[in-house]
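Per chain, numbering begins at 1; letters A, B, ... match sequence-line order.
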Amino acid sequence: MSKHPVIEWIDRRFPFTAFVKHELTEYKVPRNLSYWWNFGFLAGFVLLLQIVSGVFLAMHYKPDAKLAFDSIEHIMREVNYGWLLRYLHSTGASAFFAVIYIHMARTLYYGSFRAPREIMWWTGQVLLLSLMATAFMGYLLPWGQMSYWGAQVITNLFGATPIIGGDVVVWLRGDFVVGDATINRFFVLHFFFPFLICGIVLVHLVALHFVRSSNPSGINLRAEENISLHPYFTFKDLFGLGVFLIIFCAFVFFSPDFFIEPDNNIPANPLQTPPHIVPEWYFLPFYAILRAIPDMLGGVVAMTLSVMVFAAMPYLDRSKIPGGSRYRPLYRAMFGVFVLDIALLTYVGAQPATDEMTIIGRIATTIYFSMFMLLPIMSKKEEAWLFVRGLPQEVMAMIAEEKDDDRRRREKDRRKNERRREQE
Amino acid sequence: MKKIEILFTLMIAPLSVWASGGEVPLMQVDLAHDAGTRKQGAEVVLTVCTGCHNLKYIKYRDLQAVGFSQQEIDDLRGAAEMTAPIMSLSPPDMLKDTYGVVPPDLSLIAKARAGKGRYVYTLFNNFYMRADGNVDNHLFPGIRMPDVLGVAAMGEGPDKKAFQESMKKVASFLEWASDPNAEERESLGFYVLIYLIIFTLMLGVMKRRIWADVH
């Protein structure tokens, strides 16, 4: 096939055609991926949406304690389609978390964090943390009552750091209370973090195209069972995007205030604490865990752990059986309990801290962490039980193959070491 | 379009019930959202409420959108510019001396309360006379705002009916003031959704065709 002269010119200077071939038209993807594998692409789309809407919002927004609230109303009322930009961005934040949580749930359910995909899982973990930080800082910017008091409560948590706690809080806020210095730095960081996120996404994608997608069967497919990303999965993803956009736009155009607390339409007032401070829905489970621990430092440690513990999954799950929940009834049950437990924590996090709520919160927190703590034992026990009960032939073949790979690698290492010793 | 709205509201209704909840249940009331109702509501707000409250995100020229004629706006604004925000003539210091607080701005008040216009309507219906002869409010105990319209002493009857009709209009205007682009947003949203549904169906068909040789 003859190439367009411009493409020809570019290809002599930059691997354009090679790149398209390698990453799109000849990049192989398991043909059996379900729509659960759509959410990584959706997350990328929402990231782009947030960056574009955010850049335009920043053209009219004023990061100043005296002007911020008014500038948001200016965007909403005076700027042409400013309301659309703002509602896309505020709804986009919730959409981002929804998509990311489903993306994570899929990875957990199908065991996609297993070797050799640990680096994908860990870059994902860093992306989750960056997203949380970005969302938290962005939430301060409208300078409403919830913005202000949310930031006040969360920055206060850093005061639990032993010895230097007080200084850390002042350092974060840039002042003794959340104020003008805070809103200014949060704006700068809210604008800056997406650049970091884009960088980490790049690493995430390079890792993906190196190790390739996992698939719902859990076993590696034969070469002919893989099909090219384009046009098969580009169109499958685009169809998924269409469905996502229908739901997303229904919120943006018909219920944009659904994700905005009524209290955030009251300008920040440092002298008046709202009766009930609640974080955004996507922080509720972690907030419930924070409140479940009576001691502040303990609460902060538990909350941090509840987010970071995911990183340990490749080591906590000790089963050799691939495919996550596919062949493992016990793991599937634990996953189900975990998802229900997060729903319960979300509910508890939204309620005022009454006695009953505190007790329910503590039980749910215990279940949350016990799922992770039980996993190393349970996965081994389940593995032994399943070996006895029998597994499909392909699964056994894959386990044997992984074992062989391991043995061969160890053999190679041993021989290399021996040779080195001989040379010495 | 109404149908889509209703469907969507039903879809998220269980969630919103879960999100709200207070001591006094908000009254169920249907607020009309035509320009005539809004204008009548605006007339009450501009003659009574702005005695003490500002409406700072609404400018005189915005009143055209609720059906005020240029002449009517000129009569209202006096020497103020068309682009001037609608502000109370009472100095805030004086208001603070009288009531203990500066009365809140009304331009976002509907959105700032769970239930929006229904909250406003319920608030006005809940003034009552305490045993000590002072007026208080069931929905907002200890409210500083006096019972300007004399609801507590009104009793049931034609007066109360007329008052409630008038408050529905006020609530409707305040909902508009808190979200003046709602109508444009929803009519645009209708076309956006139609477009997206057709676009997605077409993508679905294309996806099936492309995948035909795989299955």
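- No salt bridge links B:Arg77 with B:Glu72; every basic N to acidic carboxylate O contact stays at or beyond 4.0 Å.
- For B:Tyr57, the parts sitting under 4.5 Å from any heavy atom of chain A are the backbone and the side chain alike.
- The residue among A:Asp70, A:Val243, A:Val278, A:Thr234 with the most heavy atom pairs within less than 4.5 Å of chain B is A:Asp70.
- Proximity to chain B (any heavy atom under 4.5 Å) is restricted, for A:Glu78, to the side chain, taken from C-beta onward.
- Considering only heavy-atom pairs separated by less than 4.5 Å from chain B, the leading option among A:Gly240, A:Pro262, A:Gly242, A:Pro267 is A:Pro262.
- Heavy atoms of A:Ile227 lying under 4.5 Å from chain B belong exclusively to its side chain.
- Under 4.0 Å is where a charged nitrogen must lie from a carboxylate oxygen, and between B:Lys116 and A:Asp257 at least one such pair does.
- A salt bridge does not link A:Lys62 with A:Glu73: none of the charged nitrogens is closer than 4.0 Å to a carboxylate oxygen.
- The pair B:Arg130-B:Asp132 meets the salt-bridge criterion, with a side-chain N (NZ, NE, NH1 or NH2) lying under 4.0 Å from an Asp/Glu carboxylate O.
- Both tests do not hold together for B:Lys39 against B:Phe173: distance to the six-membered ring centre under 6.0 Å, angle to the ring axis within 45°.
- Across B:Leu108, B:Val192, B:Asp62, the residue that shares the most heavy-atom pairs under 4.5 angstrom with chain A is B:Leu108.
- The existence of a salt bridge linking B:Asp179 and B:Arg185 is confirmed by a sub-4.0 Å separation between a basic side-chain nitrogen and an acidic carboxylate oxygen.
- When the candidates B:Leu188, B:Leu201, B:Ile58, B:Ile109 are compared by the number of heavy-atom contacts under 4.5 Å with chain A, B:Leu188 comes out ahead.
- Ranking A:Trp83, A:Phe239, A:Tyr81 against chain B, the residue ahead of the rest is A:Trp83, based on heavy-atom pairs under 4.5 Å.
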